[in-house]
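Comments concern the structure below.
In this chain, residues are counted from 1 in sequence order. In what follows, every heavy atom counts, from backbone to side chain, and hydrogens, waters and symmetry copies are set aside. Everything quoted here is computed from the prediction, not taken from an experiment.
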Amino acid sequence: PVRLVHDAILDCSKPKGIILDPFTGAGTTLVAAHRAKRRGRGIEIDPAYADCALRRLEKAVGVTPHLVDTGETFADVALRRLSSKEAA
C-alpha cells in the first residue's frame with residue numbers, strides 16, 4: 001500500500017531527497033515518494049511493468065511522463081509501440 005511506503009520514506013529520508021526504486025513494478029514507491037515530496041527514481045526492465053508504473057504515476061500526480069532525450073510523451077511511445085506490433 002502507498003501509505004505504508006509513504007510512512008517509511010518519511011522516516012528515513014529528507015524532503016527533496018532522491019528515493020531509488022530498482023524494481024519499480026507497479027510504481028508504488030514512486031507515487032509514495034511524490035506524496036512525501038521526494039524525487040522518485042525507478043528502474044524497470046519489463047516494459048509492461050514500466051507502462052503500468054507510468055500510468056499509475058500519471059494518474060496519481062497529474063503530470064504527463066515523457067522521454068528525456070526525445071520529449072515524446074508516454075502516450076506517443078505507447079502509440080508507436082502499438083503501431084510497430086501491428087506492422088509486424
Sub-4.5 Å side-chain heavy-atom contact between Leu57 and Val31:
yes
Measure the spacing between CZ of Phe74 and NE2 of His66 and express it to the nearest 0.5 Å.
14.0 Å
Interatomic distance, CG@Leu20 vs OG@Ser13, rounded to 0.5 Å, equals 12.5 Å
Would Glu58 and Thr73 satisfy side-chain contact (heavy atoms from CB on, under 4.5 Å), going step by step from the backbone distance to the final call?
CA-CA 11 Å; Glu58 184 174 27; Thr73 66; over 6 Å; no
Value rounded to 0.5 Å, distance of CZ in Arg39 from NZ in Lys16:
9.0 Å
Work out which heavy atom in Val5 is nearest to a heavy atom in Ala32; give both atom names and the distance.
CG1-CB, 3.7 Å
Main-chain N/O of Ile19 paired with Arg41 side-chain donor or acceptor, under 3.5 Å
no
His34 and Val63: CA distance, side-chain angles, deciding distance, side-chain contact (heavy atoms from CB on, under 4.5 Å) verdict
CA-CA 11 Å; His34 176 77; Val63 175; 5.9 Å; no
Keeping the roles fixed (side chain from Glu44, backbone from Gly25), state whether a donor-acceptor pair exists under 3.5 Å.
yes
Closest heavy-atom contact between Ala36 and Leu10?
CB-CD2, 3.8 Å
In terms of heavy-atom contacts, does OH of Tyr49 have more than 12 from other residues, nucleotides or ligands at under 6.0 Å?
no
With a cut-off of 6.0 Å (strictly less than), are more than 12 heavy atoms of other residues, nucleotides or ligands near CZ of Arg35?
no
With a 4.5 Å limit on heavy-atom distance, are the side chains of Thr24 and Leu30 in contact?
yes
Quick one: does any side-chain atom of Arg56 pair with a main-chain N or O of Leu54 as donor and acceptor, under 3.5 Å?
no
Are there over 12 heavy-atom neighbours, none belonging to Leu82, within less than 6.0 Å of that residue's CG?
yes
Working to the nearest 0.5 Å, report the span between NE2 of His6 and CG of Asp11.
10.0 Å
